[in-house]
Amino acid sequence: MSDAPLVLWFRRDLRLGDHPMLARAVASGRPLVPLFILDPETEALGAAAKWRLGLSLADFARRLEGLGSRLILRRGPALAVLEQVLAETGAMGVHWSRLYDAGSIARDGAVKAALRARGLEAVSHEGFLLHEPWQVATGQGGFYRVYTPYWNAVKGRDVAAPEPAPKRLSGPAVWPQSDVLADWQMGAAMRRGAGVCLPFQVVGEDAAQARLAAFLETRVQDYKAARDFPARDATSRLSENLTYGEIGPRSIWHGGWRAMQDGAAGAEHFLKELVWREFAWHLMYHTPHMAEANWREDWQGFPWREDNADAEAWRRGMTGEPFVDAAMREMYVTGTMHNRARMIVASYLTKHLMTDWRVGLRWFADCLTDWDAAANAMGWQWVAGCGPDAAPYFRVFNPAGQAEKFDADGAYRKRFLDPRSPEARRYFEAVPLSWQLAPDQPAPRPLIALDRGRERALAAYAARKS
DNA sequence: CAGCACTTGAT
DNA sequence: TCAAGTGCT
């Protein structure tokens with residue numbers, strides 16, 4: 001039955017081009033049934049990411065319809081749904097693009113085993129990363145724990161050229177029934193209201209490609225220096241699109257590579273940032289405990305504070321530290337936060353407020369529309385001191401010093417704190433009543449003096465060693 | 001085993 | 001100038 005339909009199980013690869021699984025499926029000549037499953041793992045996404053995924057699904061469904069196809073939406077445990085759809089369509093196989101977190105690996109492995117045991121085809125494909133985590137190894141054959149050697153190992157490697165998007169997709173004689181996306185209520189958990197972040201989202205494959213092209217056209221030149229200044233529009237902002245697979249890493253790699261050969265000054269640095277994502281997934285695959293436990297296991301027992309009132313002030317952007325509060329409000333109102341600001345708020349929570357990095361990670365998971373489990377686990381642990389990197393414990397960011405350095409004119413702080421700015425106004429419209437925040441409220445007194453917080457953190461780190 | 005290098009800092 | 005351990009070749 002070589003003309004039996006094939007089910008394409010889409011997850012974090014909501015695009016048509018640069019898509020190995022889709023390209024191979026089209027080449028097989030079989031009728032294709034694109035499927036998205038709202039399974040328990042996906043239901044568990046943070047509020048903002050789940051809502052943003054809904055936008056991506058709507059866009060992807062439209063793109064598929066433009067090719068004469070559809071996106072079938074079903075809800076339930078993945079294996080049960082796949083078996084139903086296989087039975088309904090007479091399909092003989094399922095294909096998907098691999099993911100690399102422990103939960104996905106367990107789920108997909110079980111799906112593969114169960115389907116193959118019934119004589120069905122179950123095939124996973126690359127495409128989420130530039131390099132499979134098991135294909136990058138040190139001279140000793142192990143995995144990398146340090147970024148720079150990892151970069152040196154992959155920077156010269158060939159990356160397959162992105163496949164062009166198919167022009168048409170053939171479908172089954174009879175389509176299986178599909179849920180209606182709106183019924184899934186993907187934005188239901190957004191306490192701030194689903195529409196708040198909408199103006200800040202750039203959704204879908206066309207938009208992501210345009211974003212990449214625009215970045216490579218101009219901003220990449222000055223990227224290396226300008227990316228550190230949070231008030232400037234100097235970064236690509238592609239993390240949002242990468243998260244849902246609206247663009248693939250190979251498209252970005254080849255774009256960046258071309259820019260580098262054309263002499264764009266910041267292009268290599270841009271490629272390095274893309275490879276940081278890659279490195280995070282490399283670590284996530286080889287050390288899956290990174291998602292939840294201290295990556296350095298000898299940090300067990302470190303006296304982090306559990307969730308507490310200071311952490312709640314941090315979440316609300318009410319620490320009294322202007323740069324920190326601006327950044328936390330940026331995330332709440334836009335669904336994203338500038339990279340440098342992420343480091344500073346993470347340092348402030350874990351060092352000055354001595355609070356467990358997982359408290360911060362959970363809030364990021366709830367608020368970020370570019371939520372990436374590996375990049376966040378690695379980043380939080382790096383800042384906290386328990387993650388990969390040799391000696392970060394004495395690296396305590398001073399938010400006031402950082403503000404002076406990277407937001408000297410105060411433009412970033414004003415944008416999210418000054419009630420006259422549109423972004424700040426949006427913030428005050430969005431916060432839940434229970435937060436009791438008003439535009440005319442005076443800035444809170446700092447939770448802790450910066451030098452005292454620094455000393456307290458360093459003392460705790462010193463005590464850990466003895 | 002030696003030697004080298006280490007994303008983003010602070011005072 | 002500090003601080004200093006460790007991962008990698």
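So that the names make sense, note that chain A is the first sequence line, chain B the second, and so on, each numbered from 1.
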* **Length of the line joining Tyr348(A):OH and dA10(B):C1', which is rounded to integer Å** => 17 Å

* Does a side-chain heavy-atom distance below 4.5 Å link Leu271(A) with Val275(A)? -> no

* Does dC2(C) pair with anything, Watson-Crick or G-U wobble, both distances under 3.5 Å, and if so, with which nucleotide? -> dG9(B)

* Asked: For residues Asp13(A) and Trp96(A), is any side-chain donor paired with an opposing acceptor at under 3.5 Å?
  -> no

* Structure fact -> Gln140(A) has its side chain closest, among dC8(C), dT8(B), dT9(C), to dT9(C)

* To do: Assign Gln402(A) to base, sugar-phosphate, or nothing according to its heavy-atom contacts below 4.0 angstrom with the strands shown.
  => sugar-phosphate

* Asked: Phosphate oxygens OP1/OP2 of dT6(C): is one of them under 4.0 Å from a side-chain N or O of Tyr147(A)?
  -> no

* Nearest whole angstrom, please: distance from the P of dT6(C) to the OH of Tyr150(A). => 24 Å

* To do: Look at the side-chain N and O atoms of Arg395(A) and state whether any lies under 4.0 Å from the OP1 or OP2 oxygen of dA10(B).
  => no

* To do: Using a 4.0 Å heavy-atom cut-off across all strands, classify Asn152(A) as base, sugar-phosphate, or nothing.
  => nothing

* Asked: Say you pick atom P in dA4(C) and the same atom in dG3(B); how far apart are they, in whole Å?
  -> 22 Å

* To do: For Met343(A) and dA10(B), give me the distance from atom CE to atom C1', rounded to whole Å.
  => 15 Å

* Using the P atom in both, what is the distance from dA3(C) to dA5(B), to the nearest Å? -> 22 Å

* Could you give the CG-to-P distance, from Leu450(A) to dA10(B), as a whole number of Å? -> 10 Å

* Asked: Under a 4.5 Å cut-off applied to non-hydrogen side-chain atoms, are Leu238(A) and Phe215(A) in contact?
  -> no

* **Side-chain donor-acceptor pair present, Gln201(A), Thr369(A), cut-off under 3.5 Å** => yes

* Asked: For Arg296(A) and dG7(C), is the shortest distance between a side-chain N/O and OP1 or OP2 below 4.0 Å?
  -> yes

* Asked: Under 4.0 Å between a side-chain N or O of Asn398(A) and OP1 or OP2 of dT11(B)?
  -> yes

* Structure fact -> In whole angstroms, the gap separating C1' of dG7(C) from CZ of Phe279(A) amounts to 10 Å

* What integer number of Å spans the C1' atoms of dC6(B) and dC2(C)? -> 16 Å

* Phe323(A) CZ - dG9(B) P separation (whole Å) -> 12 Å

* Decide yes or no for Arg316(A) and Val431(A): does some side-chain heavy atom of the first lie under 4.5 Å from some side-chain heavy atom of the second? => no

* Structure fact -> Exactly one candidate in Val359(A), Asp366(A), Leu349(A), Asp310(A) meets side chain to side chain contact (heavy atoms under 4.5 Å, CB included) with Arg315(A); the answer is Val359(A)

* Structure fact -> Trp299(A) CH2 to dT6(C) P, in whole Å, measures 12 Å

* Classify the nucleic acid contact of Arg454(A) as base, sugar-phosphate or nothing, counting any heavy atom under 4.0 Å across all strands shown. => sugar-phosphate

* With respect to the side chain of Phe394(A), which nucleotide from dG9(B), dT9(C), dG7(C) is positioned closest? -> dG9(B)

* To do: Quickly work out the Lys405(A) NZ to dA10(B) C1' distance and round it to whole Å.
  => 8 Å

